[in-house]
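Keep in mind that what you see is a predicted model, and the values were worked out from it rather than measured. Side chains are part of it too, since the values below use all heavy atoms of this structure and drop only hydrogens, waters and symmetry mates.
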Amino acid sequence: MKIKCGFLFFAAVLLLAGCGTKDVTTVSQREFAETAARLNDSAEMRLAAGDRIELSVEVDGSLEVSRHRAPVNFNGKVTLPLVGDVRVGGLRLQDARQVIARAYGSYYVHTPVIMLTNVEDMDAGVWGAVTVTGQVGRPGVVPVTSHQGIRLSAALQSAGGFAGSARRTAILVTRSDDTGKRIQVAVNYNEIGQGNASADILLMDGDIVFVPERIF
């Protein structure tokens with residue numbers, strides 16, 4: 001029974017990824033990337049407990065704080081050099097930058113320049129998962145470790161890389177966009193190694209990656 005259920009699960013996934021295409025719209029890589037941006041925008045990209053920020057502070061040409069990393073705690077605060085606790089939970093990154101700039105501004109005569117980024121989340125899988133099927137080493141679910149998503153190359157690596165029979169030039173990625181419509185894009189993975197960084201598309205929670213078999 002377990003074998004039968006497992007087979008039915010992966011058969012259903014394969015249909016979603018590539019076989020049942022009647023209700024799937026094929027789009028370009030640019031259009032596919034735009035849906036990721038919209039999905040991120042709809043989530044407002046706000047800092048939350050568990051996020052980790054990286055901060056650098058420059059004042060009058062001197063680097064006062066260099067690449068300091070700090071987690072957002074359960075109270076929505078980060079502990080930063082000199083200024084102590086600053087509340088950033090619920091803020092967009094650009095708004096958090098302004099709050100931190102004001103905190104540091106009270107300590108310096110010259111206006112500080114704040115460089116702030118959000119690095120990958122400390123707890124793997126907190127931002128959902130993608131499903132990788134087909135000709136890979138370990139087909140199955142791959143956790144998304146950042147609210148910004150996971151790159152195709154990283155997801156494939158987590159799934160054990162390509163099997164020997166994989167057709168790397170025709171990978172299919174299926175997604176439900178922000179309107180609920182199912183869209184699909186074809187990716188030639190070889191283009192990534194040839195310098196086309198845009199081919200390493202950003203995957204979001206719920207995406208399905210299908211690596212077909214090469215026809216000899």
- Do Thr131 and Asp207 touch side chain to side chain, with heavy atoms closer than 4.5 Å? no

- Query: With a 4.5 Å heavy-atom cut-off, do Met115 and Leu63 have their side chains touching?
  - Reply: yes

- Roughly how far, to the nearest 0.5 Å, is OG1 of Thr117 from CG of Leu93? 7.5 Å

- Task: Enumerate the residue pairs fulfilling ring pair (Phe, Tyr, Trp, His ring centres under 6.0 Å) with a member in residues 164-192, sequence neighbours excluded, ordered by first and then second residue.
- Result: Phe162-Tyr189

- Indicate the atoms forming the closest heavy-atom contact of Leu152 with Ala199, along with that distance. CD2-O, 4.2 Å

- Message: Test: side chain to side chain donor-acceptor pair (under 3.5 Å). Region: residues 66-87. Which pairs qualify, not counting sequence neighbours?
- Response: Glu54-Arg67, Glu54-Arg69, Thr79-Asp85

- Query: Would you say the side chain of Leu172 lies within less than 4.5 Å of the side chain of Val185, judging by non-hydrogen atoms?
  - Reply: no

- Message: Looking at every heavy atom in both Val132 and Ala155, which two are closest together, and how far apart are they?
- Response: CG2-O, 4.2 Å

- Message: Do Ile114 and Val57 make a side-chain contact, defined as non-hydrogen atoms from C-beta onward lying under 4.5 Å apart?
- Response: yes

- Message: Quick check for you: to the nearest 0.5 Å, what is the distance between Asp205 atom CG and Ser176 atom OG?
- Response: 10.5 Å

- Task: Tell me, with the steps shown, if Gln184 and Val173 meet side-chain contact (heavy atoms from CB on, under 4.5 Å).
- Result: CA-CA 6 Å; Gln184 188 175 84; Val173 182; over 6 Å; no

- Presence of salt bridge, Asp200 and Arg151, under 4.0 angstrom: no

- Message: Minimum heavy-atom separation for Pro212 and Phe210, please, with both atom names.
- Response: CD-O, 3.5 Å

- Query: Which pairs with one or both residues in residues 94-105 pass salt bridge (Lys or Arg N to Asp or Glu O under 4.0 Å), sequence neighbours excluded?
  - Reply: Arg92-Asp95

- Is it the case that one hydrophobic cluster holds both Leu82 and Val113, taking links as side-chain heavy atoms less than 4.5 Å apart, direct or via other members? no

- Task: Could you tell me which non-hydrogen atom of Pro112 sits nearest to which non-hydrogen atom of Val59, and how far apart they are?
- Result: CB-CG2, 3.9 Å

- Note on the structure: For Pro71 and Val78, the nearest pair of non-hydrogen atoms, with its separation, is O-CG1, 3.4 Å

- Query: Tell me, do Phe32 and Thr26 make a side-chain contact under 4.5 Å, heavy atoms counted?
  - Reply: no

- Message: Rounded at 0.5 Å granularity, tell me how far CD1 in Ile183 sits from CD in Glu31.
- Response: 8.0 Å

- Item | Non-hydrogen atoms of Val65 and Pro81 that approach each other most closely | CG1-CG, 4.1 Å

- Query: Just by distance, with hydrogens left out, do Thr174 and Arg182 show a side-chain donor and acceptor under 3.5 Å apart?
  - Reply: no

- CD on Gln157 to CD1 on Ile150, rounded to 0.5 Å: 9.5 Å

- Item | Side-chain donor-acceptor contact under 3.5 Å, Ser62 with Glu64 | yes

- Rounded to the nearest 0.5 Å, how far apart are CG of Leu156 and CD1 of Ile171? 5.0 Å

- Item | Candidate pair Glu213 and Arg167, rule side-chain contact (heavy atoms from CB on, under 4.5 Å), full reasoning | CA-CA 5 Å; Glu213 186 174 12; Arg167 186 181 177 189; over 6 Å; no

- Item | Rounded distance [0.5 Å steps], CD in Gln98 versus CG in Leu91 | 9.5 Å

- Message: Between Arg214 (side chain only) and Gly164 (backbone N and O only), is there a donor and an acceptor less than 3.5 Å apart?
- Response: yes

- Can you tell if the side chain of Val211 reaches within under 4.5 Å of the side chain of Thr133, non-hydrogen atoms only? no

- Message: As a quick check of understanding, evaluate side-chain contact (heavy atoms from CB on, under 4.5 Å) for Tyr104 and Leu80, giving each step before the final call.
- Response: CA-CA 10 Å; Tyr104 276 97; Leu80 304 176; 3.6 Å; yes

- Message: When you compare the side chain of Ser198 with that of Gln29, does any pair of heavy atoms fall below 4.5 Å?
- Response: yes

- Message: I'd like to check Val88 versus Val72 (side-chain heavy atoms, cut-off strictly below 4.5 Å). Are they in contact?
- Response: yes

